[in-house]
Amino acid sequence: MSVSELARRSGTTRQTITNIELHGQEPGVKLALLIAQALNKDAKDIFFDDFVIQGLQKGVV
């Protein structure tokens, strides 16, 4: 899927998707969920690594 198509499907701009992908900009919760939905993925699989997920589960993060 192109950056433009992902942006269209998630209701944001191509520049925002590029900033998230290439520059580490963190999307808000709503946008993260919309991007995940557009990609047919779970948001945690896209935006969190295993270290962060384990920390959240343990209440450390």
Side-chain angles (χ1 to χ4, degrees):
M1 176 182 311
S2 71
V3 171
S4 296
E5 180 63 14
L6 178 57
R8 186 188 69 73
R9 289 184 185 191
S10 58
T12 193
T13 65
R14 183 185 56 76
Q15 185 63 44
T16 296
I17 298 297
T18 299
N19 286 338
I20 292 167
E21 185 176 33
L22 298 179
H23 306 295
Q25 177 181 323
E26 294 184 22
V29 173
K30 182 178 179 181
L31 181 54
L33 293 173
L34 289 169
I35 291 170
Q37 182 180 29
L39 295 171
N40 199 29
K41 300 284 184 184
D42 191 306
K44 71 176 176 60
D45 295 334
I46 299 170
F47 296 105
F48 297 104
D49 61 23
D50 289 338
F51 179 76
V52 172
I53 292 171
Q54 290 172 1
L56 288 170
Q57 290 169 343
K58 293 177 182 177
V60 176
V61 177

Exercise. If you round to the nearest 0.5 Å, how far is CD1 of Ile46 from CD1 of Ile20?
Worked result: 10.0 Å
Seminar exercise, completed: OG1 (Thr13) and CG (Asn19) are apart, to the nearest 0.5 Å, by 7.5 Å
For this session: Give a yes or no on whether Glu5 atom CD has more than 12 heavy-atom contacts from other residues, nucleotides or ligands under 6.0 Å away.
Result: yes
Exercise. Under a single-linkage definition using a 4.5 Å side-chain heavy-atom cutoff for Ile, Leu, Val, Met, Phe, Trp and Tyr, are Met1 and Ile35 assigned to the same hydrophobic cluster?
Worked result: yes
For this session: Please round to the nearest 0.5 Å and tell me the distance separating atom OG1 of Thr18 and atom CD of Gln25.
Result: 10.0 Å
Exercise. Taking all atoms of both residues into account, what is the closest heavy-atom pair of Pro27 and Phe47, and its distance?
Worked result: CG-CE2, 3.6 Å
Problem set entry | ILVMFWY cluster, Leu39 and Val3 together (side-chain gap under 4.5 Å) | yes
Exercise. Can you find a pair of side-chain heavy atoms, one from Ile17 and one from Ser10, that are under 4.5 Å apart?
Worked result: yes
Problem set entry | Which atom of Ser4 lies closest to which atom of Arg14, heavy atoms considered | OG-CD, 3.4 Å
